[in-house]
Number of protein chains: 2
Amino acid sequence: MPIPFDVLAEPQRRRILDLLLERPRLVGELTAELGLSQPGTSKHLRVLREAGLVRVRQDAQRRWYELRPEPLAELDAWLAHYRHLWSASFDRLERHLDQLKDDAP
Amino acid sequence: MPIPFDVLAEPQRRRILDLLLERPRLVGELTAELGLSQPGTSKHLRVLREAGLVRVRQDAQRRWYELRPEPLAELDAWLAHYRHLWSASFDRLERHLDQLKDDAP
DNA sequence: CGGCTATATAACCAAGGAGGTATTTTCGAG
DNA sequence: CTCGAAAATACCTCCTTGGTTATATAGCCG
């Protein structure tokens, strides 16, 4: 699964992720919060779904959308290549991370 | 400076960042590596410059482009809101980070 | 100065995508 | 079995943008 940069480039989609970070939501709720048309919201949700950033749980006619953070973890991994450029204590941090892994796997 | 999601959404621009991660480069070098036209490369560089992701150092007619990681650090900060979703040891990590700060400021 | 090199800007074009309205599908309630 | 609610899909339009070629700008060197 490639990192969904283009999916995240859309502000409304990031707002959806922010909302889903709090709790799962119905399409109708998201539509209201975003101020979009219902089909517009559904279209964004489809893109997010296909990128693996959200999953759906069906409940009668309702669909609960919830976050799937895996692609964001991949984005995080990509960022790691650059992180030493701004994180002065990056090397020490890495060593501590390794140590954490050993402590509690 | 807002997080430049849309700037990063362009694959060629990410390739430029990857190349600049190794070392600063001239426009001509980047053009060759990307297989784009020279104006095409310049246009991407302008976008990256305006997003604060690169800076230029002039040297006669040459322009050396180099990485500016600050916007990526902001992206990292945005990601932090989501990080606990996949990083099981996130809380412990946070404590260790604070400790590091105290150890060596 | 005149020409050469490196880069930027201008003008244009084609494709993609975000938005809307209209329509379809699905499912529960009565 | 019909009606209504919830969400998805179809279709269209407009705007943005990545790519191109042509041209302008800037600075070195003979």
Side-chain angles (χ1 to χ4, degrees), chain A residues 1-20 22-68 71 75 78, chain B residues 1-20 22-68 71 75 78:
Chain A
M1 182 109 55
I3 304 173
F5 283 101
D6 51 332
V7 176
L8 296 174
E10 222 295 313
Q12 301 283 32
R13 286 199 282 266
R14 291 198 302 275
R15 289 190 61 202
I16 290 178
L17 295 184
D18 285 344
L19 290 166
L20 296 184
E22 299 172 11
R23 57 178 176 78
R25 315 248 180 171
L26 297 172
V27 178
E29 298 181 271
L30 292 169
T31 298
E33 300 254 24
L34 299 178
L36 285 182
S37 66
Q38 174 266 311
T41 306
S42 276
K43 220 154 54 160
H44 282 307
L45 287 171
R46 176 204 257 271
V47 174
L48 288 167
R49 217 185 319 125
E50 288 173 349
L53 281 160
V54 301
R55 57 197 297 273
V56 208
R57 198 163 42 81
Q58 189 153 358
D59 163 33
Q61 318 90 320
R62 324 271 190 81
R63 315 272 168 102
W64 292 97
Y65 276 86
E66 56 188 57
L67 212 48
R68 266 196 80 242
L75 172 57
W78 176 82
Chain B
M1 183 107 58
I3 303 173
F5 284 100
D6 50 334
V7 176
L8 295 173
E10 222 295 313
Q12 302 282 34
R13 286 198 284 264
R14 291 198 302 277
R15 288 189 62 201
I16 291 178
L17 295 184
D18 285 344
L19 290 167
L20 296 185
E22 300 173 10
R23 56 177 176 80
R25 313 249 181 171
L26 297 172
V27 178
E29 297 181 272
L30 292 170
T31 298
E33 300 256 21
L34 299 177
L36 284 183
S37 64
Q38 174 266 312
T41 306
S42 276
K43 221 155 56 161
H44 282 307
L45 288 171
R46 176 204 257 270
V47 174
L48 289 167
R49 219 184 317 125
E50 289 173 350
L53 280 160
V54 301
R55 57 197 297 273
V56 208
R57 197 164 41 82
Q58 188 152 357
D59 163 32
Q61 320 90 317
R62 322 271 189 80
R63 315 273 168 101
W64 291 97
Y65 276 85
E66 55 189 56
L67 213 47
R68 265 196 80 242
L75 173 57
W78 176 81

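Remember, predicted model here, so these are calculated numbers, not experimental data. Quick note on labels: first sequence line is chain A, next is B, and so on, each numbered from 1.
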Practice prompt. Quick one: which residue pairs count as a salt bridge (charged side-chain N to carboxylate O under 4.0 Å, His left out) with a foot in residues 31-40 of chain A, not counting sequence neighbours?
Written response: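 Residue pairs with at least one partner in residues 31-40 of chain A: A:Arg25-A:Glu33.
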For A:Glu29, give me all partners under side chain to side chain donor-acceptor pair (under 3.5 Å), at least two apart in sequence or on another chain.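 Once residues adjacent in sequence are excluded, the partners of A:Glu29 under the side chain to side chain donor-acceptor pair (under 3.5 Å) criterion are A:Arg23.
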[X] has an atom [atom1]; how far is it from atom [atom2] of [N], in whole Å?
X	N	atom1	atom2	value
B:Leu45	C:dT9	CG	P	11 Å
B:Leu30	D:dG19	CG	C1'	17 Å
A:Arg25	D:dA7	CZ	P	14 Å
A:Arg57	D:dA6	CZ	C1'	16 Å
B:Glu50	C:dA8	CD	C1'	12 Å

What are the atom names and distances for every N/O pair under 3.5 Å that joins the protein to nucleotides 13-16 of chain D?
none

Determine all donor-acceptor pairs shorter than 3.5 Å in which one atom belongs to a side chain in residues 43-55 of chain A; sequence neighbours excluded.
from, atom 1, to, atom 2, distance (Å)
A:His44, ND1, A:Arg13, NH1, 3.2
A:Arg46, NH1, A:Glu50, OE2, 2.8
A:Arg49, NH2, A:Tyr65, OH, 3.4
A:Arg55, NH1, A:Glu66, OE2, 2.8

Taking the side chain from A:Arg14 and the backbone from A:Ala9, do they hold a donor-acceptor pair closer than 3.5 Å?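 Flag set: sc A:Arg14 to bb A:Ala9 pair under 3.5 Å.
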* Please report the shortest heavy-atom distance between B:Leu36 and B:Thr31, naming the atom on each side. =>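 Here B:Leu36 and B:Thr31 meet closest at O-CG2, 3.2 Å.
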Identify the heavy atoms of B:Val27 and B:Thr41 that sit nearest to each other, and give their distance.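 Heavy atoms only, the tightest pair is O-CG2, 4.2 Å.
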If the cut-off is 4.0 Å, is A:Tyr65 near the phosphate of D:dA6, judged by side-chain N/O to OP1 or OP2?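 No.
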It should be established whether A:Arg46 places a side-chain nitrogen or oxygen under 4.0 Å from OP1 or OP2 of nucleotide D:dA8.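 Answer is no, no contact under 4.0 Å.
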* To do: Please report the C-alpha distance between B:Asp59 and B:Trp64 in whole Å, then the side-chain angles of each, then the deciding distance to 0.1 Å, and finally whether the side chain to side chain contact (heavy atoms under 4.5 Å, CB included) criterion is met.
  => CA-CA 7 Å; B:Asp59 163 32; B:Trp64 291 97; 3.4 Å; yes
Counting primed atoms, P, OP1 and OP2 as sugar-phosphate and everything else as base, the B/S/- map of nucleotides 16-30 of chain C against protein heavy atoms under 4.0 Å is --SBBBB----BS--
Just call it for A:Leu26: base, sugar-phosphate, or nothing, with non-hydrogen atoms closer than 4.0 Å on any strand.
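Touches sugar-phosphate only.
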- Task: Using ring-ring contact (aromatic ring centres under 6.0 Å, His included) as the criterion, list what pairs up with A:Trp78, not counting sequence neighbours.
- Result: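 Checked A:Trp78 against ring-ring contact (aromatic ring centres under 6.0 Å, His included); matches are A:Phe5, A:Tyr82.
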